[in-house]
Amino acid sequence: MEGGQMNIWRMLILSCLTVLVLSGCEISIDEPNPQAEPEGEQAGTEQDMSQDEQQTENEEKPPSRNVLTQIFEHFFEPTPEDLRQIDDEDAKQLQYLALGDSLTAGVGDEYSEDGFVGRLADSLEAWPSISEVEVDNRGKRGRRSDQLLKLVKKGHYDEELQEAQLISVTMGGNDVMKIVRKDLLNLKRDAFDKELQAYKKRYSKIIAGIREKNPTAPLLLIGFYNPFSIVTNEANEFDSIITEWNKVIEDVASEDGNACYVSVEDLFVSNKELVYHTDFFHPNAKGYEKMNERILEAMEKCGMEEKINKEIGFEEWQNE
C-alpha cells in the first residue's frame, strides 16, 4: 500500500516538473558580459590570456546541473536501498549437500551450529545472489571412504545429488584412524602407504559417482588434519602421512574443473588458539569457525562464487 502511494506522488511530481520544463523551453536569457571590451594591442593580449584561463577553468570543473535535473535525480534515481531490494528479489535459493564424516556432522561444536556446514551456509546467505541456503547435512561420525563409496554406489544419495547445487565432502580421517587402532602398539609406515593406494581409488570413485549423478554442481573437497600434533610441538612422521593423504584429495580436485580443494591441515597443529573440543580430537566452535574462514578463502581463489551463481541461474539474470 505504501509503495502504491509513493508511486502516485512520484507521478504527480513528474507531471508538474514536465509542465515546468516545457514552459521554460523557449525562454532564453542573454547574460551581459561584465568585462569591458579591451582597447589596444596590450588589452587584446590580456583578453586572450583571460580567455585561456577561463577555458582551462571550465575544463577542470564538472558540468553544472540545473535545479530541475537535481530534482529529477532526487526522486527518480534508484537509491542503494532500491538496488539492494532488486538483488533480494532476484536472489536464488541454493541447495547445499554436505557428505562426509564427523567434521561434516559438526561433532565437537558446543554451540550446535552444525560445524563448518552451518557456518558456511550463513556466510553464503550474505551473497547478493543467494536468498537462502537449504542445507542437507549427511555427515556421520566415524564414516570411512569405503562406507561412503558403498552408499554412493547403491544410489542412497541419488535424489540429493541430483538436486544439489553445491556439494562438500570431508573424508579420510577415519581411514587413517582405522590403521592406528589396528596396530596402535606396532605402527609402521608401510601400513599407511599400502592403505593410501586403496584410499586413492575409493576417493576417486566417490567423486566419479557424484559426478555421474550431478556433472555440474561445484564441489568443495576438504582435507583433514593430524589430531596427534597437539601431543608434541615437533614435526613427526605422522604429519607427513597426513600430508600425503591430503595430496590425494588435492589431486582429485585438480582433475575436476568445477572442484575446489580446501586445506585445513595447518589450522590444528596446536591448541594455542583453543580450537579443539574437550576430546582433543574434533574441532570446537572456534575450530569450525576457522575452518569456515579457510573454506571461504579457498572458494574465492577458486572462483566459486561465479560457478555457484551459474549453477543457480543468477548469472543468466544478470546477462539479460
Side-chain angles (χ1 to χ4, degrees), residues 96-126 133-148 151 157 160 166-182 184 187 192 199 203 206 219-233 235-236 238-239 241-243 245-246 248-250 260-299:
Y96 171 27
L97 174 63
L99 301 176
D101 47 30
S102 56
L103 289 179
T104 293
V107 174
D109 183 359
E110 66 269 30
Y111 295 149
S112 301
E113 294 181 2
D114 220 9
F116 78 82
V117 174
R119 290 166 172 79
L120 177 59
D122 290 341
S123 298
L124 294 177
E125 285 183 351
V133 178
E134 187 72 28
V135 178
D136 188 358
N137 191 335
R138 297 307 181 98
K140 184 174 176 62
R141 185 172 189 165
R143 180 163 286 165
R144 302 186 307 271
S145 62
D146 59 307
Q147 296 169 330
L148 180 58
L151 291 170
Y157 298 123
E160 291 83 358
L166 174 66
I167 303 170
S168 67
V169 180
T170 61
M171 188 55 54
N174 293 306
D175 294 69
V176 171
M177 289 307 301
K178 182 182 178 181
I179 303 170
V180 174
R181 294 189 187 99
K182 183 179 179 181
L184 182 59
L187 286 176
F192 292 99
Y199 169 74
Y203 195 91
I206 289 170
L219 294 178
L220 291 173
L221 305 185
I222 303 166
F224 56 102
Y225 56 90
N226 174 14
F228 305 115
S229 61
I230 61 172
V231 178
T232 175
N233 292 327
N236 54 63
F238 207 71
D239 288 330
I241 290 172
I242 299 299
T243 299
W245 283 59
N246 277 325
V248 168
I249 303 174
E250 185 177 10
C260 184
Y261 170 66
V262 184
S263 174
V264 298
E265 193 174 342
D266 61 303
L267 298 180
F268 301 95
V269 292
S270 74
N271 201 31
K272 289 180 180 179
E273 296 187 51
L274 303 177
V275 292
Y276 277 95
H277 182 55
T278 52
D279 62 5
F280 290 102
F281 192 84
H282 295 97
N284 58 14
K286 187 174 183 179
Y288 282 118
E289 183 60 43
K290 284 190 168 293
M291 281 187 69
N292 182 49
E293 291 172 0
R294 177 61 58 82
I295 291 169
L296 292 172
E297 289 172 4
M299 290 178 73

**Asked** Is there a side chain to side chain donor-acceptor pair (under 3.5 Å) between Ser123 and Asn292 once you walk through the steps?
**Response** CA-CA 9 Å; Ser123 298; Asn292 182 49; 3.1 Å; yes
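- A donor-acceptor contact closer than 3.5 angstrom links the side chains of Asn246 and Glu265.
- A heavy-atom distance below 4.5 Å is found between the side chains of Ile222 and Met291.
- Listed by chain and residue number, Glu273 satisfy the side-chain hydrogen bond (donor to acceptor under 3.5 Å, both in side chains) test with Lys290 (two or more places apart in sequence, or in another chain).
- Taking NZ of Lys140 as the reference point, atom CG of Leu99 lies at 14.0 Å (rounded to 0.5 Å).
- For Tyr288, there are no ring-ring contact (aromatic ring centres under 6.0 Å, His included) partners two or more places apart in sequence or in a different chain.
- Between Asp239 and Ser229, the side chains place no donor N or O within less than 3.5 Å of an acceptor N or O (distance only, hydrogens not considered).
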**Request:** Let me see the working for Phe224 and Thr170 under side chain to side chain contact (heavy atoms under 4.5 Å, CB included), right down to the final yes or no.
**Result:** CA-CA 7 Å; Phe224 56 102; Thr170 61; over 6 Å; no
**Request:** Starting from the C-alpha separation in whole Å, work towards a yes-or-no answer on side chain to side chain contact (heavy atoms under 4.5 Å, CB included) for Asp175 and Gln147.
**Result:** CA-CA 10 Å; Asp175 294 69; Gln147 296 169 330; over 6 Å; no
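- Scanning for side-chain contact (heavy atoms from CB on, under 4.5 Å) contacts around Asp279 gives Arg141, His277, Phe281, His282, with sequence neighbours left out.
- In this structure, a donor-acceptor pair under 3.5 Å is absent between the side chains of Asp109 and Asn284.
- Not counting sequence neighbours, the partners of Phe238 by the ring-ring contact (aromatic ring centres under 6.0 Å, His included) test are Phe192, Phe228.
- No donor-acceptor distance shorter than 3.5 angstrom exists from the side chain of Ser168 to the backbone of Leu220, with no hydrogens or angles considered.
- Legend: residues meeting salt bridge (Lys or Arg N to Asp or Glu O under 4.0 Å) with Arg138, ordered by chain and number and at least two apart, are Asp136, Glu160.
- Distance CD1/Ile249 to CE/Met171: 9.5 Å, rounded to 0.5 Å.
- Annotation: ring-ring contact (aromatic ring centres under 6.0 Å, His included) contacts of Phe268 (sequence neighbours excluded): Tyr225, Tyr276.
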